There are 2 protein chains.
Amino acid sequence: MTDEPRLESARLAVSRHAARLFWEKGFDATSGDDIAAAAGISTRTVWRYFRSKEACVEPVLKVSELRFAALLKQWPKTESIDQFLARSMAAFVTDDAMVRDSIAAVRILAVLHREPALRSAWLMACHEAEVELVGVVADRASRGVDDFAVRLCAASITAAMRLVDEEISSAVINDGLRVSTEEVTARIVLAIRAGAILPICDAVA
Amino acid sequence: MTDEPRLESARLAVSRHAARLFWEKGFDATSGDDIAAAAGISTRTVWRYFRSKEACVEPVLKVSELRFAALLKQWPKTESIDQFLARSMAAFVTDDAMVRDSIAAVRILAVLHREPALRSAWLMACHEAEVELVGVVADRASRGVDDFAVRLCAASITAAMRLVDEEISSAVINDGLRVSTEEVTARIVLAIRAGAILPICDAVA
DNA sequence: GCGCTCACTGTCACTAAGTGTCATATGGGG
DNA sequence: CCCCATATGACACTTAGTGACAGTGAGCGC
């Protein structure tokens, strides 16, 4: 996580500007030149970093999901998902950079219904998170990463997380609701339990 | 299905050409002009039909998933998923146009790993299929379409179907394997049962 | 039949997304 | 200090995608 290739963190930095601009001006009204100017790099470099304009937000969307996957990697086999998240979610949401990224992501998710290009970026980000989750599930279920049941389980959990994220984001941004960490945690636990085909939610060792 | 707006079927016709060209020449080597020429329409109309080049294949990818969702709509409440698919899958795969679309879709799925643009089109198509599935699940579970558990169930099933489709497509095209209708049906039943959070797989009435 | 509307398409000029290529940093190892 | 590798900028270029308007043809009242 911390020693990731510096190209990745450069991409993430640009991605934050793109996410902000898409939120402020809308996707169509934001050009590659705008993103480059905001990030203080040349337009050419924007297209070296990202294969398309919508892909510019993928790192910001991905990083929240990925950080959550990284958290799950620390999930001890002796604990249930409820126990683990109850004690670790509070600490999880203190990192400042992470909170800012989460807000940016939430704002993107809230406008998904009118921005198809952003939805495709979101789905791509979820797909990468899913790939990451396969490792976590395989480890916890003591199975291989090529096991179909493992991949199915990771896909279901990712789909469940995606729905929770979309739902909460829309509620917060579009309906002005406020939600507590506990509510979010409860929602996530429910989603993971619903999506888990394999018996990984309770203590496995 | 049959009396869909004629704009939709025009889009589908163009989409078939796009899918063929992407398969034959690759995504990057196929231009909007190529698609227009193959479909016998002006380039301008291509961009009226589709918001982007990758979106050109969405109808072909969507139609197989959607037809399957339509099949599930006929699933009687007195039958289990195993019973229903065992007797209806054979008839399902006889429609000629459908078989051709399925082959086109399978070819797209087989090259997903090297064509990120096509993956995003595929994920978008799956998302639309998911929306359609929500109705089926809601009906069978006797719940509303806004029920979170219903949407969760539809998302899980869609994710499972997506994995099955990707897996089988890659096996058939990349590894030259041959699979029978029975094997595919068994795979799908397994996936649906795995993804179904709600008790909809067995007779509900 | 006649003319009207209206949704759809083609043409063409245009903007913006995205690439190829080369020159110039930047920065670590001998 | 120089060499080599990798990252970026500059700029010309191609292709994706839009705006504006004119033409076509099917439906419909008369």
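In what follows, chains carry the letters A, B, and so on, assigned in the order in which the sequence lines appear, proteins first and then strands, with residues in each chain numbered from 1. Only a predicted model underlies this, so the values are computations on that prediction, with no experimental measurement involved. FYI, side chains are in, hydrogens and waters are out, and symmetry mates aren't considered; it's all heavy atoms of this structure.
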Using whole Å, report how far [atom1] of [X] lies from [atom2] of [N].
{"X": "A/R6", "N": "C/dT26", "atom1": "CZ", "atom2": "P", "value": "15 Å"}
{"X": "A/I41", "N": "D/dA10", "atom1": "CD1", "atom2": "P", "value": "12 Å"}
{"X": "B/L7", "N": "D/dA26", "atom1": "CG", "atom2": "C1'", "value": "16 Å"}
{"X": "B/Y49", "N": "D/dA16", "atom1": "OH", "atom2": "P", "value": "19 Å"}
{"X": "A/E8", "N": "D/dA7", "atom1": "CD", "atom2": "P", "value": "12 Å"}
{"X": "A/K53", "N": "C/dA17", "atom1": "NZ", "atom2": "P", "value": "5 Å"}
{"X": "A/R48", "N": "D/dG9", "atom1": "CZ", "atom2": "P", "value": "8 Å"}
{"X": "A/E54", "N": "C/dA16", "atom1": "CD", "atom2": "P", "value": "17 Å"}

>> Of the listed nucleotides (C/dT21, C/dA17, D/dG19), which one gets closest to any side-chain atom of B/R44?
In response: D/dG19

>> Of the listed nucleotides (D/dG9, C/dT19, C/dG10), which one gets closest to any side-chain atom of B/S42?
In response: C/dG10

Are any of the side-chain nitrogens in [X] or [Y] under 4.0 Å away from the carboxylate oxygens of its partner?
{"X": "A/E132", "Y": "A/K62", "answer": "no"}
{"X": "A/E166", "Y": "A/R162", "answer": "yes"}
{"X": "A/E58", "Y": "A/R51", "answer": "yes"}

> Does B/T45 or A/D28 map to a spot on DNA chain C nearer the 5' end, using the closest nucleotide for each?
Replying inline: B/T45

> Under the side-chain contact (heavy atoms from CB on, under 4.5 Å) criterion, do A/F68 and A/L85 qualify, and how do the steps go?
Replying inline: CA-CA 11 Å; A/F68 189 75; A/L85 287 186; 4.3 Å; yes

>> Under 4.0 Å, heavy atoms only, any strand: does A/S52 hit a base, just the sugar-phosphate, or nothing?
In response: sugar-phosphate

